[in-house]
Amino acid sequence: MSKSYKPRLRHFERKGSQQHVAEVDQYLYNQVSPTHRFAIIGVGTIGKEHMRVATLLGRARIHGIYDPEKRSLDVAEVEFAKISSDALVRYPDLDAACADTDVDAYFICTPNYTHYEVLCTVIKTGKPIFVEKPMATTVADAAKMVEMVNSYSSFIQIGLQYRYKRQYVEAFHEALERRSLGEIKTISMSEHRPPFLDKVGQWNKFKEFSGGTLVEKSCHYFDLINLMAESEPVRVFASGGQAITFTDFEKDGKASDVEDHAFAIVEYKNGVKANFTLNMFCPEFEEEMIVVGDKGRLIAREKFYYHQQKPSTGTIDIELGEEGPSKSSVVTYPKLIEESGHHGSTFYEHIAFMDQLDGKEVRCATAEQGLWAVIVAAASQRSIKTGQPVMIKDLLSETS
Ligand SMILES: NC(=O)c1ccc[n+]([C@@H]2O[C@H](COP(=O)([O-])OP(=O)(O)OC[C@H]3O[C@@H](n4cnc5c(N)ncnc54)[C@H](O)[C@@H]3O)[C@@H](O)[C@H]2O)c1
């Protein structure tokens, strides 16, 4: 039986009706042996998602975990035991995790303000590293990380996995590969959602720890806009603030200071103009990207009616008028994959990481792309604060 990786029929493989098929007869249901071992640094919400998704994909096994919070470690162990019978090493500190020669790659899933410092330690291992988004809370730290990566002998992938959401995979294919829309002129993106969830230490309620809402969360959308624009941002103007959410939240005598709504306009070197709308006091989740070129319009949308516990839906519409065929489609991943995290995008991010480990060329989020997402986000936040447009070259000259 072939041991090389191929997509599996995971649904059937897990069905009660197929459990009588013995291992010797499993071909389509054949589980490949994991070829790599991961250590997860920070096992909160996303650290556990990476443990779950890596295990579902099956090309790597989770070997060890480190977190300074006992409760996070305890819960991660309990959750992991539900999906794997593998033993899990619990490291006493980061140095012990980095000293483990059995580990092939590290996932940094700690709060934003710790990414730079944790990376400075993990990078000494010389091994492949995955760093969650945003790569840092400031442009200066993100720029230093890019410099570190540029002279690194291995690779670093950033957790900007929204590019693997089903509706954006199709959007990029239509707009940038098929070029269905002709020359792109405008991009409008929005995220409407409920407030940030509770976090360990509530780091996401404070700019000091998260970088601010546009850095912390909207970096995903600025990454998508940057990719779609295929150019460098030159000027950003934004308005926003904290209208409702966490206005009464305090920790250690400090009031929350993160934006819960924003409107940002981004101008690119090639003439593309983009806008981004954020609202974080909505009952349900919805995001949308509208791209218009000289031949047509594209609308990529995701809806997630959380309160109804309905599965999320992804759709894409192409409107070409007399220029060609228009179409509307529902886009999906297999249910098991969609439900594994971030509507399936984390699963495909893991495939990219594994492919890189196997020496293949992939189009994953690089440190430089992670930096550009932080740059647009930080420029938006500065513009909100000053009420003035921000020239990207001025922002960058402060860090050089
Ligand atoms: N890519 C995505 O879609 C996505 C989604 C959620 C979170 N994130 C990012 O992942 C990171 C973690 O977010 P979360 O939601 O899991 O937060 P969380 O608060 O749920 O978990 C963070 C965990 O890190 C631990 N931690 C804190 N400092 C640490 C350190 N120095 N070393 C090791 N562990 C440490 C905490 O104890 C906690 O258990 C953030 O950067 C966040 O922006 C990305």
Side-chain angles (χ1 to χ4, degrees), residues 39-53 64-80 90-98 106-122 129-138 141-142 145 157-165 168 191 193 195-224 251 258 285 287 302 304 312 340-350 352-353 364-365 369-370 373-374 377:
I40 311 286
I41 311 301
V43 283
T45 310
I46 200 74
K48 290 204 297 294
E49 181 166 313
H50 286 301
M51 293 171 77
R52 197 167 62 238
V53 170
I65 54 177
Y66 166 63
D67 196 298
E69 291 292 328
K70 183 178 176 307
R71 186 185 171 105
S72 295
L73 290 165
D74 289 346
V75 172
E77 278 178 359
V78 169
E79 292 297 312
F80 189 63
R90 190 192 269 224
Y91 303 108
D93 51 41
L94 183 60
D95 288 338
C98 293
Y106 290 86
F107 278 61
I108 300 177
C109 306
T110 59
N112 306 352
Y113 69 97
T114 64
H115 290 177
Y116 174 71
E117 216 178 288
V118 173
L119 180 69
C120 286
T121 300
V122 178
I129 303 169
F130 179 96
V131 183
E132 261 307 339
K133 55 58 41 181
M135 60 195 290
T137 51
T138 63
D141 278 357
M145 286 160 92
Q157 184 173 321
I158 307 296
L160 289 163
Q161 86 279 35
Y162 279 25
R163 54 180 73 195
Y164 301 113
K165 283 191 176 193
Y168 301 133
E191 184 191 32
R193 57 163 288 168
F196 277 143
L197 304 183
D198 285 339
K199 296 287 164 190
V200 178
Q202 297 287 23
W203 56 266
N204 60 354
K205 312 294 183 290
F206 301 95
K207 281 199 176 96
E208 181 187 355
F209 303 125
S210 72
T213 304
L214 293 154
V215 170
E216 149 58 8
K217 180 66 214 290
S218 312
C219 63
H220 274 303
Y221 302 101
F222 291 128
D223 177 53
L224 296 173
K251 193 172 155 68
V258 290
F285 293 85
E287 58 186 66
E302 182 180 273
F304 181 36
S312 70
S340 67
H342 289 84
H343 314 296
S345 56
T346 308
F347 184 88
Y348 291 93
E349 165 180 70
H350 271 250
F353 192 77
C364 67
Q369 289 170 336
V374 171

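Because the structure is predicted, anything quoted here is derived from the model rather than measured. Hydrogens, waters and symmetry mates play no part in the numbers below; they use all other heavy atoms, side chains included. All ligand and atom numbering here is 1-based and tracks the order in the structure.
Of the protein's non-hydrogen atoms, the one nearest atom 35 (C) of ligand 1 is Pro68 CD, 3.3 Å. Counting only heavy atoms of the protein, atom 21 (O) of ligand 1 lies nearest to Gly44 CA, 3.2 Å. The single protein non-hydrogen atom nearest to atom 15 (O) of ligand 1 is Lys199 NZ, 2.6 Å, given as residue, atom name and distance. For atom 43 (O) of ligand 1, the closest non-hydrogen atom on the protein side is Glu216 OE1, 2.8 Å. The nearest heavy-atom contact from the protein to atom 5 (C) of ligand 1 is Ile46 CD1, 3.4 Å. With hydrogens left out, the protein atom closest to atom 37 (O) of ligand 1 is Asp67 OD1, 2.6 Å, a heavy atom. Shortest contact from atom 27 (C) of ligand 1 to any protein heavy atom: Pro111 CD, 3.2 Å. Of the protein's heavy atoms, Glu132 OE1, 3.1 Å lies nearest to atom 44 (C) of ligand 1.
When all heavy atoms are compared, the tightest approach of Phe209 to Thr137 is O-CG2, 3.5 Å. The nearest pair of heavy atoms linking Gln369 to Cys364 is OE1-O, 3.3 Å. Across Asp198 and Lys205, no two heavy atoms sit closer than the pair CA-NZ, 3.9 Å. The nearest pair of heavy atoms linking Ala373 to Phe222 is O-CB, 4.0 Å.
In this structure the side chain of Glu302 reaches within 4.5 angstrom of the side chain of His343, judged on heavy atoms.
One finds the CD1 atom of Ile40 at 12.0 Å from the OG1 atom of Thr110 (value rounded to the nearest 0.5 Å). With rounding to the nearest 0.5 angstrom, the OH atom of Tyr91 is 7.5 Å from the CD1 atom of Ile41. Within the model, atoms NZ of Lys199 and CD1 of Ile46 stand 8.0 Å from one another, a figure rounded to the nearest 0.5 Å.
The shortest N or O to N or O distance between Val200 and ligand 1 is under 3.5 Å.
Evaluation of the salt bridge (Lys or Arg N to Asp or Glu O under 4.0 Å) test over residues 208-222, restricted to residues two or more places apart or in two chains, returns Lys133-Glu216, Glu191-Lys217, Glu208-Lys254. Pairs passing the salt bridge (Lys or Arg N to Asp or Glu O under 4.0 Å) check and including a residue from residues 39-50, sequence neighbours excluded, read Glu49-Arg52.
Crowding of Glu77 atom CD: a count of heavy atoms from other residues, nucleotides or ligands under 6.0 Å exceeding 12.
Close approach of ligand 1 to Gly159 (heavy-atom distance below 4.0 Å) involves ligand atoms 1 (N). Remark: ligand 1 atoms within the under-4.0 Å shell around heavy atoms of Glu69 are 37 (O). Listed by number with element, the atoms of ligand 1 under 4.0 angstrom from any heavy atom of Pro134 are 43 (O). Every atom of ligand 1 with a heavy atom of His115 under 4.0 Å away is listed here by number and element: 41 (O). For ligand 1, the atoms closer than 4.0 angstrom to any heavy atom of Ser72 are 38 (C), 39 (O). Taking every heavy atom of Gly42 and a limit of under 4.0 angstrom, the matching atoms of ligand 1 come to 24 (O), 33 (C), 34 (N). Residue contact check: His342 has heavy atoms under 4.0 Å from atoms 3 (O), 5 (C) of ligand 1. For ligand 1, the atoms sitting less than 4.0 Å from at least one non-hydrogen atom of Ile41 are 33 (C), numbered in the order shown with element in parentheses.
Summarising the contacts of atom 30 (C) of ligand 1 with Asn204, Thr346, Thr137, Thr110, the nearest heavy atom is found in Thr110. When the heavy atoms of Trp203, Tyr91, Tyr162 are ranked by distance to atom 13 (O) of ligand 1, first place goes to Trp203.
Proximity of His220 to ligand 1 is established by a heavy-atom distance of less than 4.0 Å.
The aromatic rings of His50 and Phe130 sit perpendicular to each other, their planes meeting at more than 60°, with 30° as the lower class boundary.
For Gln161, every heavy-atom contact with ligand 1 shorter than 4.0 Å involves the side chain, none the backbone. Residue contacts with ligand 1 for Cys109 involve N, CA, C or O but no side-chain atom from C-beta outward (heavy atoms, distance under 4.0 Å). With a 4.0 Å heavy-atom cut-off, ligand 1 is reached by the backbone of Lys133 and by its side chain too.
At least one test fails for Lys165 against the ring of Tyr168: distance under 6.0 Å to the centre or angle within 45° of the axis.
A donor-acceptor pair shorter than 3.5 Å can be found between the side chains of Tyr221 and Glu287.
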